[in-house]
Chemist: 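Handing you a structure now.
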Amino acid sequence: MRPAPYSARADTVESVDLRTRSDLWALVASSLACCPPGVGGTLRGGSLATTEVEAVCREWVGPDLQLRSAVELRGGSYNTTYRLEVSDGTRAVLRVAPPVDEQRPSERHLMRNEYASVPFLRPVADVMPTTLMADFTHRIIGRDYVIQSYLEGVPASNVLGSWSETAQAQLWRGIGQTLARIHAIKSDHFGRVMAPTTGRWSDCLVTGFELIARGCDELGIDGSDLRYVADLAAASSEVLDVVSTGSLLHGDLIPANVMVDPDDPGRGVIGIFDCDRTWWGDPLADWTLIFVERLPPVHRESFWDGYGETPTQSDEARRRRAFYRARSIGEIRLEHARLGKDRQAQKTYEMMSAVVEELVTK
């Protein structure tokens, strides 16, 4: 059911939850190892005041058009997102980053990172929103924000559970094809697209572990295991630095960030969004490939069929993938701790212990 529009003169912005409990998301929720960054509650920065939404809209469209409606879209936990409609019928999406003082070191300026990634994502521009406006000056509101074109369809996570096995497999094939197009984009550096940090993959991973550990420090939780894994990564540079060319990694290309036509599964992937976690690295380190490992075999096989090649199973590759799982576990820990989910955050220590054991016994 379509939510009623919000009047720009109201005191609060209406909100609607985009996330549903499909079978896939039940799988995600059942295992922290499958819980991607960005699923859960919200940051303290939270919703904008009505006057702030109006001010942003005026900056975008000028004085001749008026804000007709603004609906806050729940479903993520990092950015605050609104569907806008102005008086000439144009629809767009406003995404607002959390205040800088709420951003952990490993997640600093993600929106700016996405903005810097747009030229590199040109090969998938046909399924991406267009950036209509970006403002990182904090003149209008004290936070970064972008306004993007409105993508038709619904997030795939909303409907996958109601689709046939054939339709689900077809979608995973399309996600594989889309990710392969992104991974084909190369760089001689590693790290965030906005500011690549190093020419060595091992150094990039060590820095990443240290930044996540600093985030744990800021939240008052233990990050010593992450620092230990950083030391293991530094000692494993010979294995890690086999990766000498950086591929563009999306960082979060899962069904929640893929748009589909709910009435025509055959159209496949018609849009992708939330590209703020892009970075240069080993394709095996992309969150999607870690996520895919937990899928039912038929979906996993469809993904790899679309992607075009399956990952090597050498001992060195398996060791690299263990480091990548450790990195994801660290990000999951930060997410749960930030959202006050102490019990779930605590479980990540057991998960990390298992990965550490794998790393030190091989």
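Both backbone and side-chain heavy atoms feed into the values below; hydrogens, waters and symmetry mates do not. Computed from a predicted model, the values in this text were never measured in an experiment.
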Chemist: Are L289 and L179 close enough that some pair of their side-chain heavy atoms sits under 4.5 Å apart?
Modeler: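 Side chain of L289 against side chain of L179, heavy atoms only: contact under 4.5 Å found.
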Chemist: Is any side-chain heavy atom of W280 closer than 4.5 Å to one of F120?
Modeler: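 Yes. Closest side-chain heavy atoms under 4.5 Å.
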Chemist: Under the rule for side-chain hydrogen bond (donor to acceptor under 3.5 Å, both in side chains), what residues qualify as partners of T178, not counting sequence neighbours?
Modeler: none
Chemist: In terms of hydrophobic clusters joined by side-chain contacts under 4.5 Å, are M133 and V96 together?
Modeler: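 Yes, M133 connects to V96 through the hydrophobic network.
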Chemist: Verify side chain to side chain donor-acceptor pair (under 3.5 Å) between T90 and D88, making sure each step is shown before the conclusion.
Modeler: CA-CA 6 Å; T90 299; D88 69 350; 2.9 Å; yes
Chemist: Will you find, in the side chains of D222 and S224, an N or O donor that is under 3.5 Å from an N or O acceptor?
Modeler: yes
Chemist: Do D225 and S353 have side-chain atoms, one donor and one acceptor, less than 3.5 Å apart?
Modeler: no
Chemist: Which atom names give the shortest non-hydrogen contact between W287 and G251, and what distance separates them?
Modeler: CB-O, 3.3 Å
Chemist: Can you tell me if E52 uses its side chain to pair, donor with acceptor, with the backbone of A49 under 3.5 Å?
Modeler: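 Confirmed, E52 side chain pairs with A49 backbone.
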Chemist: May I ask you to say whether E335 pairs ionically with R338, meaning some side-chain N is under 4.0 Å from a carboxylate O?
Modeler: yes
Chemist: Run the salt-bridge test on R91 and E152 with the 4.0 Å N-O cut-off and return the result as yes or no.
Modeler: yes
Chemist: Does R68 reach the side chain of V86, with side-chain heavy atoms less than 4.5 Å apart?
Modeler: no
Chemist: What I want to check is whether the side chains of D342 and H336 have a donor and an acceptor closer together than 3.5 Å.
Modeler: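 Per modelled atom types, D342 and H336 side chains form no pair under 3.5 Å.
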Chemist: Determine the minimum heavy-atom distance between Y324 and I290, stating which atoms define it.
Modeler: O-CD1, 3.7 Å
Chemist: Do L67 and L65 belong to the same hydrophobic cluster, where Ile, Leu, Val, Met, Phe, Trp and Tyr are linked whenever their side-chain heavy atoms lie under 4.5 Å apart, directly or via other members?
Modeler: yes
Chemist: Could you tell me whether the side chain of V154 reaches within less than 4.5 Å of the side chain of V260, counting heavy atoms only?
Modeler: yes
Chemist: Who are the side-chain hydrogen bond (donor to acceptor under 3.5 Å, both in side chains) partners of R267, not counting sequence neighbours?
Modeler: D261
Chemist: Carefully, step by step, assess W60 and L84 under the rule side chain to side chain contact (heavy atoms under 4.5 Å, CB included).
Modeler: CA-CA 11 Å; W60 168 41; L84 305 178; 4.2 Å; yes
Chemist: With the side chain counted from C-beta on, respond yes when S106 and L334 share a heavy-atom pair under 4.5 Å apart, and no when they do not.
Modeler: yes
Chemist: Under the ring pair (Phe, Tyr, Trp, His ring centres under 6.0 Å) rule, collect the residues that match up with H183, sequence neighbours excluded.
Modeler: Y307
Chemist: Hey, does the side chain of E114 reach the backbone of C275 with a donor-acceptor pair shorter than 3.5 angstrom?
Modeler: yes
Chemist: Short question: side chain of N113, backbone of M194 - any donor-acceptor pair under 3.5 Å?
Modeler: yes
Chemist: Kindly indicate, with the supporting measurements, whether the criterion side chain to side chain donor-acceptor pair (under 3.5 Å) is fulfilled by S236 and R319.
Modeler: CA-CA 9 Å; S236 301; R319 184 169 179 80; 3.1 Å; yes
Chemist: Hydrophobic cluster membership, with links at side-chain heavy-atom distances under 4.5 Å among I/L/V/M/F/W/Y: are M128 and L253 in one?
Modeler: yes
Chemist: Judged by atom type as modelled, is there a donor-acceptor pair below 3.5 Å linking the side chain of D282 to the main-chain atoms of V243?
Modeler: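 Not confirmed, D282 side chain does not pair with V243 backbone.
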Chemist: Using the rule given for side chain to side chain contact (heavy atoms under 4.5 Å, CB included), can you reason through E107 versus R277, listing the C-alpha separation, both sets of side-chain angles and the distance that settles it, and then say yes or no?
Modeler: CA-CA 8 Å; E107 299 178 321; R277 297 180 184 269; 3.3 Å; yes
Chemist: Do the side chain of Q168 and the main chain of L160 share a donor and acceptor less than 3.5 angstrom apart?
Modeler: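 Side chain of Q168 to backbone of L160, a donor-acceptor pair under 3.5 Å: yes, one is there.
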Chemist: The test is side chain to side chain contact (heavy atoms under 4.5 Å, CB included); show your working for Y82 and L48 and say whether it passes.
Modeler: CA-CA 10 Å; Y82 299 86; L48 299 181; 3.6 Å; yes
Chemist: With side chain to side chain contact (heavy atoms under 4.5 Å, CB included) as the criterion, how do E165 and V298 come out once you've worked through the C-alpha distance, each side chain's angles and the decisive distance to 0.1 Å?
Modeler: CA-CA 9 Å; E165 283 294 320; V298 63; 3.6 Å; yes
Chemist: Can you tell me if Y115 has over 12 outside heavy atoms packed within less than 6.0 Å of its OH?
Modeler: no
Chemist: Hey, is R214 close enough to E210 for a salt bridge, meaning N to O under 4.0 Å?
Modeler: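 Not counted as a salt bridge, because no side-chain N and carboxylate O are separated by less than 4.0 Å.
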Chemist: Transitively linked via ILVMFWY side-chain contacts under 4.5 Å: L171 with M259?
Modeler: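 No, it is not one cluster - the side chains of L171 and M259 are not joined through contacts under 4.5 Å.
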Chemist: Ignoring hydrogens, what is the shortest heavy-atom contact between G223 and R333? Give both atom names and the distance.
Modeler: CA-NH1, 4.4 Å
Chemist: Without swapping roles, check the side chain of Y228 against the backbone of V356 for a donor-acceptor pair under 3.5 Å.
Modeler: no
Chemist: Between D144 and H138, is any pair of side-chain heavy atoms under 4.5 Å apart?
Modeler: yes
Chemist: How many angstroms lie between atom CG of D276 and atom CZ of R192, to the nearest 0.5 angstrom?
Modeler: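 Interatomic distance, D276 CG to R192 CZ, rounded to 0.5 Å: 8.0 Å.
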Chemist: Out of the candidates L151, V93, V127, only one should pair with F273 under the side chain to side chain contact (heavy atoms under 4.5 Å, CB included) rule; please name it.
Modeler: L151
Chemist: Work out which heavy atom in S47 is nearest to a heavy atom in T80; give both atom names and the distance.
Modeler: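 Scanning both residues completely, I find the closest heavy atoms to be CA-CG2, 4.0 Å.
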Chemist: When you group the ILVMFWY residues by side-chain heavy-atom contacts below 4.5 Å and let the links chain together, are W279 and V229 in the same group?
Modeler: yes
Chemist: Any side-chain heavy-atom pair from L339 and Q344 closer than 4.5 angstrom?
Modeler: no
Chemist: Would you check if the side chain of S202 reaches a backbone N or O of A234 as a donor-acceptor pair within less than 3.5 Å?
Modeler: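 Side chain of S202 to backbone of A234, a donor-acceptor pair under 3.5 Å: no, none is there.
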Chemist: Is the backbone N or O of Q313 less than 3.5 Å from a side-chain atom of R318, with the two atoms forming a donor-acceptor pair by type?
Modeler: yes
Chemist: Got a donor-acceptor contact below 3.5 angstrom from the R108 side chain to the Q103 backbone?
Modeler: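 Yes, the answer is positive, given that a donor and an acceptor are paired below the 3.5 Å cut-off.
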Chemist: Output the distance between atom CE (M352) and atom OG (S328), rounded to the nearest 0.5 Å.
Modeler: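 Separation between the atoms: 9.5 Å.
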Chemist: Are the side chain of Q170 and the backbone of G268 linked by a donor-acceptor contact shorter than 3.5 Å?
Modeler: no
Chemist: W201 and F323: aromatic ring centres closer than 6.0 Å?
Modeler: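 No, the ring centres sit 6.0 Å or more apart.
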Chemist: M111 and R95: which non-hydrogen atoms are nearest, and at how many Å?
Modeler: CE-O, 3.3 Å
Chemist: Any chance you could measure H299, atom NE2, to S302, atom OG, to the nearest 0.5 Å?
Modeler: 7.0 Å
Chemist: Over all heavy atoms of both residues, which pair between R181 and I185 is shortest? Give the atoms and the distance, please.
Modeler: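 Heavy-atom minimum between the residues: O-CG1, 3.8 Å.
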Chemist: Is F209 close to R227 at the side-chain level, that is, under 4.5 Å between some pair of heavy atoms?
Modeler: no
Chemist: Quick check for you: to the nearest 0.5 Å, what is the distance between D252 atom CG and D274 atom CG?
Modeler: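 Between D252 CG and D274 CG, I get 6.5 Å after rounding to 0.5 Å.
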